[in-house]
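Since this is a predicted model, take the numbers as computed values, not measurements. Every chain is numbered from 1, with letters handed out A, B, ... down the list of sequences.
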Amino acid sequence: MSSSFLPASEQLQLLTRGVANCISEKELLAKLEKGTPLRVKLGVDPTSPDLHLGHSVVLEKLRQFQELGHQAVLIIGDFTAQIGDPSGRSKTRPALSREAILANAETYTEQAFRILDKDKTEIVFNGEWFNKMTFADVIQLNARVTMQQMLQREDFKNRIANDQEVRLHEIQYPIVQGWDSVEVRSDVELGGTDQLFNILVGRDMQKDEGMEPQIVMCLTILEGLDGVQKMSKSLHNYVGISEEPGEMFGKLMSISDELMARYFLLLLGEELDSAMHPMDAKKLLGEKIVARYHSDEAAKSARDNWEALFSNKDVGDADLPEFTIGERKDVLGVVGDAFRALFPDEAPSGSQIRQLISQGSVQLEGEKLTDIKARPEWTAGQVLKLNKKRRVRIAG
RNA sequence: GGGUAGGUACCGAAGCGGUCAAACGGGGCAGACUGUAAAUCUGCUGGCUAUGCCUUCAGAGGUUCGAAUCCUCUCCUGCCCA
């Protein structure tokens, strides 16, 4: 068994690549040298059903552990999700219903296994132990940490400094999450740098229980498409890992050059080739990421299609969703119908559509349609541009 | 429990009887310029069957020709004291 492991020092080198914070490498090396599979914990909150590239950074690291022969322990925080992780938050999180959490957990794991090796992953729900606790147990748990420790956290400190509320259940979060480490007897815990505090609490609790404390491994937080805030669904700056190839590629093409370099590093583990034209580099990034979650062919065609649409403006044979003109033939009606039919999730309001039209965003074969009441001759095969990202082909 | 400051659109924040769908900033969207980059300039940013109509300024009532603005009660939050 142990013979199948790479030498500990080699493993260490691989594992610490791209890691922002490791406490401590020395201890990790010692654990690796034992030659037995390590239990690597990753706690996830099923608060949002869609996994995106931001989550992928840490999942990729976990997979790396798996590849080296270690045991991944994925904790679904069905219980903790009801508290809501206050990390990096300036406000209290809304609590989720039990049903929503379970449904999210389902889609979450399904997506996580696009990255992780399912056969080498142990999945546990932390409700398993927390739901059994009595109030007395909870008090006991709370007795292990001090108020001062909890208040040391950035998030709380900031909120207090800004006269914003901090609710008591929120300061329970690190305690609860830390206890997970004791329950699963983790050797290593992964998380974003914003999880440092939480993970350290787990380490303390293990020590308290007489266990060998877990290694803390924090990965850099991936910025979202805006390049400023962290990638998150609620900020609408994310690329979902199960998004369509074209969608993925398009989103990645809209990022800034600066951010592109970060993505190369954090998502691909590569240094950006500065000799490359930024545009080409970005296309390469897009292709590689699409290839990772779909296929090489999908990546190639996403790129070709994108280039046809946006670079060459040769819309002729680009692959576009087809829209069949309905009852309404006026510009306002057609644009509204097209959004509702093909992009219902992002359909703008009537007023917003009016704006798109009057501001020249809506174009038929490159010609701006600025009159909402106009009734152009809609001909099959023509390309109607709705907004910056969306175009449709008029169906016959 | 006492005192005190507050609750305004996506966020921050003005407004304190009419000219308020509500200044300003951020964010977002759109156009020009580009590489669907950045920077810059410009416009827009409650909804609708749209030269008008409807619903908003924590909630419920009230005063008034007229309220985000005044009064009453209720709910919520910060800070100080206990």
Side-chain angles (χ1 to χ4, degrees), chain A residues 88-92 94 156-170 223-230 232-239 246-264 272 274-287 290 302-315 318 320 327-337 339-340 343 345-364 366-374 383-391:
Chain A
R89 287 284 169 144
S90 55
K91 277 187 188 166
T92 309
F156 295 146
K157 251 198 262 181
N158 287 342
R159 280 203 243 167
I160 290 165
N162 293 323
D163 288 352
Q164 284 176 314
E165 61 167 346
V166 175
R167 313 209 66 120
L168 280 177
H169 74 277
E170 296 182 79
E223 296 95 333
L225 297 171
D226 54 48
V228 182
Q229 292 185 277
K230 79 170 191 178
S232 96
K233 191 176 187 202
S234 56
L235 294 170
H236 303 291
N237 62 359
Y238 73 107
V239 180
E247 200 66 23
M248 248 184 197
F249 192 87
K251 280 188 177 180
L252 289 167
M253 292 311 285
S254 74
I255 64 175
S256 71
D257 291 356
E258 210 176 53
L259 188 59
M260 167 174 66
R262 303 268 302 152
Y263 278 18
F264 258 98
L272 167 65
S274 56
M276 249 181 153
H277 184 283
M279 193 69 209
D280 293 329
K282 212 193 283 181
K283 285 176 182 170
L284 183 65
L285 171 78
E287 240 179 308
V290 173
R303 176 177 180 151
D304 287 347
N305 204 44
W306 188 89
E307 285 177 341
L309 264 175
F310 299 104
S311 302
N312 310 332
K313 312 256 188 227
D314 167 24
V315 187
L320 284 173
E327 286 290 293
R328 304 195 52 179
K329 307 276 194 272
D330 57 304
V331 176
L332 180 61
V334 168
V335 172
D337 286 347
F339 266 115
R340 278 186 289 277
F343 315 107
D345 294 344
E346 50 192 81
S349 70
S351 304
Q352 288 171 317
I353 293 174
R354 277 162 196 274
Q355 258 175 52
L356 286 176
I357 296 168
S358 65
Q359 293 184 142
S361 172
V362 173
Q363 298 169 12
L364 184 63
E367 292 293 315
K368 289 180 184 173
L369 300 176
T370 51
D371 180 3
I372 55 171
K373 287 185 183 144
V383 173
L384 177 67
K385 175 181 169 235
L386 303 175
N387 62 21
K388 218 164 199 164
K389 287 163 66 181
R390 300 303 183 191
R391 275 146 232 256

In whole Å, what separates the C1' atom of B:rU74 from that of B:rC11?
28 Å
Pick the C1' atom in B:rG17 and in B:rC29, then give their distance to the nearest Å.
36 Å
So, does A:Lys282 use its side chain to make a donor-acceptor pair with the main chain of A:Met260 at under 3.5 Å?
no
When rounded to the nearest Å, what value does the distance between C1' atoms of B:rA22 and B:rU56 take?
10 Å
Taking B:rG31, B:rU36, B:rU49 as options, the one with an atom nearest any side-chain atom of A:Arg354 is B:rU49
OP1 or OP2 of B:rA38 sitting under 4.0 Å from any side-chain N/O of A:Lys282?
no
Which of the following nucleotides, B:rU36, B:rA37, B:rC44, is nearest to the side chain of A:Asp257?
B:rA37
So A:Leu259, base contact, sugar-phosphate only, or nothing? Heavy-atom distance under 4.0 Å.
nothing
For B:rC48 and A:Ser349 - does any side-chain N or O of the residue sit under 4.0 Å from the phosphate oxygens OP1/OP2?
yes
It should be established whether A:Lys385 places a side-chain nitrogen or oxygen under 4.0 Å from OP1 or OP2 of nucleotide B:rG31.
yes
Could you give the CZ-to-P distance, from A:Arg390 to B:rA30, as a whole number of Å?
11 Å
Whole-Å C1' distance, B:rU72 and B:rG12:
31 Å
Given the structure, check if the side chain of A:Gln359 and the base of B:rG43 hold any donor-acceptor pair shorter than 3.5 Å.
yes
Going by side-chain hydrogen bond (donor to acceptor under 3.5 Å, both in side chains), name the pairs with one or both residues in residues 248-261 of chain A, residues two or more places apart or in two chains.
A:Glu243-A:Lys251
Given A:Lys283 and A:Ser311, is the side-chain contact (heavy atoms from CB on, under 4.5 Å) satisfied, shown in steps?
CA-CA 11 Å; A:Lys283 285 176 182 170; A:Ser311 302; 3.8 Å; yes
Within the structure, does a side-chain N or O atom of A:Ser351 lie under 4.0 Å from either OP1 or OP2 of B:rC48?
yes
Euclidean distance, atom CD1 of residue A:Ile357 to atom C1' of B:rG31 [Å, nearest integer]:
15 Å
Heavy-atom nearest nucleotide on RNA chain B taken for A:Asn387 and for A:His277; more 5' hit belongs to A:Asn387
Residue whose closest nucleotide on RNA chain B lies nearer the 5' end, A:Met253 versus A:Gln352:
A:Met253
From CD1 of A:Ile353 across to P of B:rA30 the rounded distance in Å is 13 Å
According to the Watson-Crick and G-U wobble definition with distances under 3.5 Å, which dot-bracket string, read 5' to 3', encodes RNA chain B, using [ ] for crossing pairs and | for pairs with another strand?
((((((((.[[[..)..(.....]]]((((((.......))))))(((...)))...[[[[[..)....]]]]]))))))).
Atom NZ of A:Lys389 and atom C1' of B:rU36 are separated, to the nearest Å, by 10 Å
Contact state string [nucleotides 74-82 of chain B, B base, S sugar-phosphate only, - no protein heavy atom under 4.0 Å]:
---SSS---
For B:rA38, does either OP1 or OP2 sit under 4.0 Å from a side-chain N or O belonging to A:Ser256?
no
Could you state the atom-to-atom distance from CG of A:Leu369 to P of B:rG31 in whole Å?
13 Å
Can you tell me how far C1' in B:rU4 sits from the matching atom in B:rA39, rounded to whole Å?
47 Å
Close side-chain approach of A:Val228 and A:Asn237, heavy atoms under 4.5 Å
no
If we take the C1' atom in both B:rU19 and B:rC71, what is their distance in whole Å?
26 Å
Could you tell me how far apart A:Leu225 (CG) and B:rG27 (C1') are, to the nearest whole angstrom?
15 Å
